[in-house]
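Accompanying notes for the structure given below.
When a ligand or atom number is given, it counts from 1 through the structure's own listing order. None of these values were measured; they are calculated from a predicted model.
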Amino acid sequence: MNILLNLKHHSYKVHINELLRLEFKGKVALLTNAKVAGLHLQSLLSRLVCDELFVITIKDGEEFKNLKTLEDVLDQMFVSKLDRKSTLIAFGGGVVTDIGGFAASIYQRGIDFIAIPTTFLAMVDAAVGGKTGVNNAFGKNLIGSFYQPRGVYCESEFLKSLPSRELAAGMTEFIKMAACLDEKALELIESLDEQGFLSARLSKELWNELISKSVQLKASVVSIDERESQMRMLLNYGHSFAHIIENQTKYKLFLHGEAVAIGIVMANTLALRLGMITDNEFLRIKALLEKFKLPTHYKIANVDEFYQAFALDKKSVNSKMNFVLLDGIGKGVIRNDISKEAVISVLEEFKA
Ligand SMILES: NC(=O)c1ccc[n+]([C@@H]2O[C@H](COP(=O)([O-])OP(=O)(O)OC[C@H]3O[C@@H](n4cnc5c(N)ncnc54)[C@H](O)[C@@H]3O)[C@@H](O)[C@H]2O)c1
Ligand SMILES: [Zn+2]
């Protein structure tokens, strides 16, 4: 099955479990890392047909998602003499698809890009929607481009080797979209067999349903607001809080999706205090996160420090702080009128 991501200039399909054969006219560079290559490269190569193929590997980990790695990748693309008609395939998690998309967008001013995500997070979020980039000393994803792939191929068989923590972390991004956009999708996740999911042992039909639902939600947002002028900001639900938690714990304690799970609970605490959601709705989302063994609490050591960090977050536009909050289940809204006192009182609740 596939989902069309409808955009003004470059619509493309996200294919789910239908990668049988991929054929290219020119040269192809396949970007991956040693872990993913060791597990799944053979399976992918048996389905690729092209004139010449070059495999480029990068080091595994968020800490290598930087300009140095990007430059190495570009160098290898030049050594391989890729031309304007060549294609770059990114085969891996969100780190690989983010760097791959960026490299493809700037190599000789842009060559074709295909994403073959191998983590649940990358399938449901990172590889769909055209945001690419790397981190630098000033923060995460601060350098990059909007560059849409020609196509995205999600194969659930690749998920079988993914640790349960990584699967759960990806589920947070799905829960984020469902909570903000679509109560039916939330019900689908609520009814999901969590043991089957966390051990990547769902049926192909269920994977199709899960991945396609999530991709549909992301596609619906991106097709309206490709460059994040308004609606796409909803996808940052829970993220302002999460970025501060990730920063304070030096990106070591939590996976991104785990920090977002806590961020969602913090945002929901604020929405609850503002009367935007009920106690039941608050508990419903928290229970769903806990179902997937995601963390929902973080002890804030210094409330003032935590609050100040918001001001530095890149999502604060015109010095007004944007908060993505639920105004009921399935109804994410962007608010920039939240008082400092309201935020501080929520942060105080996380002191213990
Ligand atoms: N562009 C976007 O819109 C967007 C959205 C969300 C996240 N992101 C980015 O995505 C990144 C996070 O992505 P991620 O969670 O996929 O992390 P990741 O790419 O670091 O992958 C997580 C780990 O799983 C390994 N792995 C990948 N596939 C595997 C498989 N099939 N089996 C076993 N191990 C496998 C990886 O090598 C890595 O060690 C972040 O850099 C984030 O900024 C981008
Ligand atoms: Zn995220």
Next on the checklist: Below the 3.5 angstrom mark, is there an N/O of Arg232, backbone or side chain, next to an N/O of ligand 1?
Outcome noted: no

Item to check | Side chain, backbone, both or neither: Asn141 near ligand 1, heavy atoms under 4.0 Å | outcome: side chain

Checklist entry - Given that the side chain starts at C-beta and the backbone is N, CA, C, O, which of these parts of Lys218 lies under 4.0 Å from ligand 1, counting heavy atoms, or is it both or neither? => result side chain

Next on the checklist: Any heavy atom of His40 closer to ligand 1 than 4.0 angstrom?
Outcome noted: yes

Item to check | From the candidates Lys140, Glu166, Lys59, the one that places a heavy atom nearest atom 23 (C) of ligand 1 | outcome: Glu166

Next on the checklist: Considering both backbone and side-chain atoms of Lys131, is one of its nitrogen or oxygen atoms within less than 3.5 Å of a nitrogen or oxygen in ligand 1?
Outcome noted: yes

Next on the checklist: Quick one about His9 and Glu226 (side-chain donor to acceptor, distance below 3.5 Å, no hydrogens or angles considered), yes or no?
Outcome noted: no

Checklist outcome for this item: Among non-hydrogen protein atoms, atom 36 (C) of ligand 1 lies closest to Asp60 OD1, 3.5 Å

Checklist entry - Does the gap between the ring centers of Tyr107 and Phe78 come in under 6.0 Å? => result yes

Checklist entry - Looking at atom 6 (C) of ligand 1, what's its closest protein heavy atom, distance included? => result Asp125 OD2, 3.6 Å

Checklist entry - Any side-chain donor paired with an acceptor under 3.5 Å for Glu62 and His256? => result no

Checklist entry - Which option out of Leu235, Asp98, Val95 puts a heavy atom nearest to atom 19 (O) of ligand 1? => result Val95

Checklist entry - Of all the non-hydrogen atoms in the protein, which one sits nearest to atom 5 (C) of ligand 1, and at what distance? => result Ala126 CA, 3.4 Å

Item to check | Close-contact set for ligand 1 against Lys65 heavy atoms, below 4.0 Å | outcome: 9 (C), 40 (C), 41 (O), 42 (C), 43 (O)

Item to check | Tyr237 versus Lys176, closest heavy-atom pair with distance | outcome: CD2-O, 3.7 Å

Checklist entry - Which value, rounded to 10°, describes the OE2(Glu173)-the Zn ion (ligand 2)-NE2(His256) angle? => result 90°

Next on the checklist: Checking Asn66 against Asn136 for the side chain to side chain contact (heavy atoms under 4.5 Å, CB included) test, could you report, in this order, the C-alpha distance in whole Å, the side-chain angles of both residues, the deciding distance, and whether it holds?
Outcome noted: CA-CA 6 Å; Asn66 56 28; Asn136 69 356; over 6 Å; no

Checklist entry - Looking at His239, which of its N, O or S atoms is the nearest one to the Zn ion (ligand 2)? => result NE2

Checklist entry - So is His256 in contact with ligand 1, going by heavy-atom distances below 4.0 Å? => result no

Item to check | For ligand 1, the portion of Asn33 having any non-hydrogen atom under 4.0 Å away | outcome: side chain

Checklist entry - Nearest protein heavy-atom contact for atom 35 (C) of ligand 1: which residue, which atom, what distance? => result Leu162 CD1, 3.5 Å

Next on the checklist: Any nitrogen or oxygen of Phe158, side chain or backbone, less than 3.5 Å from one on ligand 1?
Outcome noted: yes

Checklist entry - Nearest protein heavy atom to atom 17 (O) of ligand 1, by residue and atom, and its distance? => result Gly94 N, 4.1 Å

Checklist entry - Under 3.5 Å between some N or O of ligand 1 and some N or O of Glu173? => result no

Checklist entry - Less than 6.0 Å separating the ring centroids of Phe197 and Phe292? => result yes

Checklist outcome for this item: the protein heavy atom lying closest to atom 12 (C) of ligand 1 turns out to be Leu121 CD2, 3.9 Å

